[in-house]
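Notes for the one structure printed next.
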Amino acid sequence: MSNQLLIAIITSSATGTAVGAIIGIIKDFFHSKKVDRLVLFFIIKTLATDAIWAGYISTEDLQFLEKAYKEYKRLGGNGFADTLMNRVRMLPIKEDE
């Protein structure tokens, strides 16, 4: 049975309407969380990779990366971003000219 059919059956009564609304809110919450985590990962990957290739990172970029990484971890992110951040933290800090 598809999710949409199940939701249609559940939402066919007054109680079902409330349940359907709650399911929708929960679905939106998790979808948004996934999208936010994906966007943060893309930002971390892009900035970290650029810095690693350059061989240094600016103070501003490092601060931004640390904030993005903290939020990414709060949303449940892990794995490759950890590796990237560990490599970035070992880079020399040099301000862009």
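The first residue in the sequence is number 1, and the count goes up from there. These figures come from a predicted structure and were not determined experimentally.
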List for me each residue that meets side-chain hydrogen bond (donor to acceptor under 3.5 Å, both in side chains) alongside [X], sequence neighbours excluded, and say none if there are none.
| X | value |
| --- | --- |
| Arg74 | Glu71 |
| Lys73 | Asp82 |
| Thr59 | Glu95 |

Is it possible for you to say whether Val35 and Leu40 belong to one hydrophobic cluster, with membership spreading through side-chain heavy-atom contacts below 4.5 Å?
->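 Result: yes, single cluster for both.
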Can Leu65 be reached from Ile93 by stepping across I, L, V, M, F, W or Y side chains whose heavy atoms are under 4.5 Å apart?
->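 They do share one cluster, since a chain of ILVMFWY contacts under 4.5 Å joins Ile93 to Leu65.
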Exactly one of Tyr69, Phe42, Phe64 clears side-chain contact (heavy atoms from CB on, under 4.5 Å) with Leu47, and that residue is Phe64
What residues, two or more places apart in sequence or in another chain, satisfy side-chain contact (heavy atoms from CB on, under 4.5 Å) together with Lys45?
->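 Phe41, Thr49, Leu84.
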Apply side-chain contact (heavy atoms from CB on, under 4.5 Å) to Ala51 and list each qualifying residue two or more places apart in sequence or on a separate chain.
->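 With neighbours one apart ignored, the set is Ile57, Leu91.
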Just jot down the salt bridge (Lys or Arg N to Asp or Glu O under 4.0 Å) partners of Arg89, sequence neighbours excluded, or say none.
-> Glu66
So, the side chain of Arg37 versus the backbone of Leu75: is there a donor-acceptor pair under 3.5 Å, distance only?
->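 Yes.
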CE/Met90 to CD1/Ile52 distance, rounded to the nearest 0.5 angstrom?
->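 Reported value, rounded in 0.5 Å steps: 8.5 Å.
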Side chain to side chain contact (heavy atoms under 4.5 Å, CB included) assessment of Ile44 paired with Tyr72 | CA-CA 9 Å; Ile44 292 165; Tyr72 173 77; 3.7 Å; yes
